[in-house]
Amino acid sequence: QVQLVESGGGLVQAGGSLRLSCAASGRTFSNYALAWFRQAPGKVREFVAAISWSGGRTYNTDSVKGRFTISRDNAKNTVYLQMNSLKPEDTAVYYCAADRELRLTVAGYTYWGQGTQVTVSS
């Protein structure tokens, strides 16, 4: 089992920045790929970014490229999502997810956090 707890969400004006954190406990953190997903009201959960167990490979969805950066610190069992130049359409609940393999789909992840709300005002 892997337990994930997100933090760092909040209310920010358009153009602002937030850094989300996801702290993991349980199984060996460095064995797992990590990802961020988001779900806006009335919409399906969608992929945002993912990072391999070593941090050597990262992927971002097109809508956040150049604005969001995923990173991890295996010594702290934590994955981060730095979000810059935020837009109102980034408003959603952001979820951290973990699994043995790096995948880009919701179905590819076994372990999920409870989510943290990000609201971007215009």
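Below, each value reflects all heavy atoms present in this structure, side chains not excepted, and no hydrogens, waters or symmetry copies.
Under 3.5 Å, the side chains of Asp99 and Thr110 contain a donor-acceptor pair of N or O atoms.
Applying the salt bridge (Lys or Arg N to Asp or Glu O under 4.0 Å) rule to pairs touching residues 111-122 yields nothing, sequence neighbours excluded. Among residues at least two apart or in separate chains, disulfide (SG to SG under 2.5 Å) pairs with a member in residues 22-116 are Cys22-Cys96.
By the side-chain hydrogen bond (donor to acceptor under 3.5 Å, both in side chains) test, Glu101 is found to be paired with no residue, residues two or more places apart in sequence or in another chain being considered. For the side-chain hydrogen bond (donor to acceptor under 3.5 Å, both in side chains) test, residues two or more places apart in sequence or in another chain that qualify with Gln117 are Thr119. In terms of the side-chain contact (heavy atoms from CB on, under 4.5 Å) criterion, residue partners of Ser25 (sequence neighbours excluded) are, by chain and number, Gln3. Applying the salt bridge (charged side-chain N to carboxylate O under 4.0 Å, His left out) test to Asp90 and every residue at least two apart in sequence or in another chain returns Arg38, Arg67. Contacts of Arg19 classified as salt bridge (charged side-chain N to carboxylate O under 4.0 Å, His left out), with partners at least two apart in sequence or in another chain: none. Evaluation of the side-chain hydrogen bond (donor to acceptor under 3.5 Å, both in side chains) rule for Thr28 yields no partner, not counting sequence neighbours. With sequence neighbours excluded, the residues satisfying salt bridge (charged side-chain N to carboxylate O under 4.0 Å, His left out) with Lys65 are Asp62. Applying the side-chain hydrogen bond (donor to acceptor under 3.5 Å, both in side chains) criterion to Asn31, with sequence neighbours excluded, gives no partner residue.
Judged purely by atom type and a 3.5 angstrom limit, Arg57 has no side-chain atom pairing as donor or acceptor with the backbone of Ala50. A distance-only check finds a donor-acceptor pair linking the side chain of Asn74 to the backbone of Trp53 [under 3.5 Å].
Among all heavy-atom pairs drawn from Asn60 and Ala49, the shortest one is OD1-CB, 3.2 Å. Considering every non-hydrogen atom in both Ala40 and Ala92, the closest pair reads N-CB, 3.8 Å. Contact detail for Gln39 and Lys43: the closest heavy-atom pair is NE2-O, 3.1 Å. A pairwise comparison of heavy atoms in Ser21 and Thr78 identifies CB-CG2, 4.2 Å as the closest pair. For Leu11 against Ser121, the heavy-atom pair with the smallest separation is CD1-CB, 4.3 Å.
Taking NZ from Lys87 and OG from Ser122, the interatomic distance works out to 14.0 Å, rounded to the nearest 0.5 Å.
Within a 6.0 Å sphere centred on CD of Gln114, heavy atoms belonging to other residues, nucleotides or ligands number more than 12.
Membership of the apolar cluster around Val79 extends to Val2, Leu4, Val12, Leu18, Leu20, Phe29, Tyr32, Leu34, Trp36, Val48, Ile51, Val64, Phe68, Ile70, Leu81, Met83, Leu86, Tyr94, Tyr111, Val118, Val120, as traced through chained side-chain contacts below 4.5 Å between ILVMFWY residues. Other cluster members for Leu102: Phe37, Phe47, Tyr59, Val93, Tyr95, Leu104, Val106, Tyr109, Trp112, joined by side-chain heavy-atom distances under 4.5 Å among Ile, Leu, Val, Met, Phe, Trp and Tyr.
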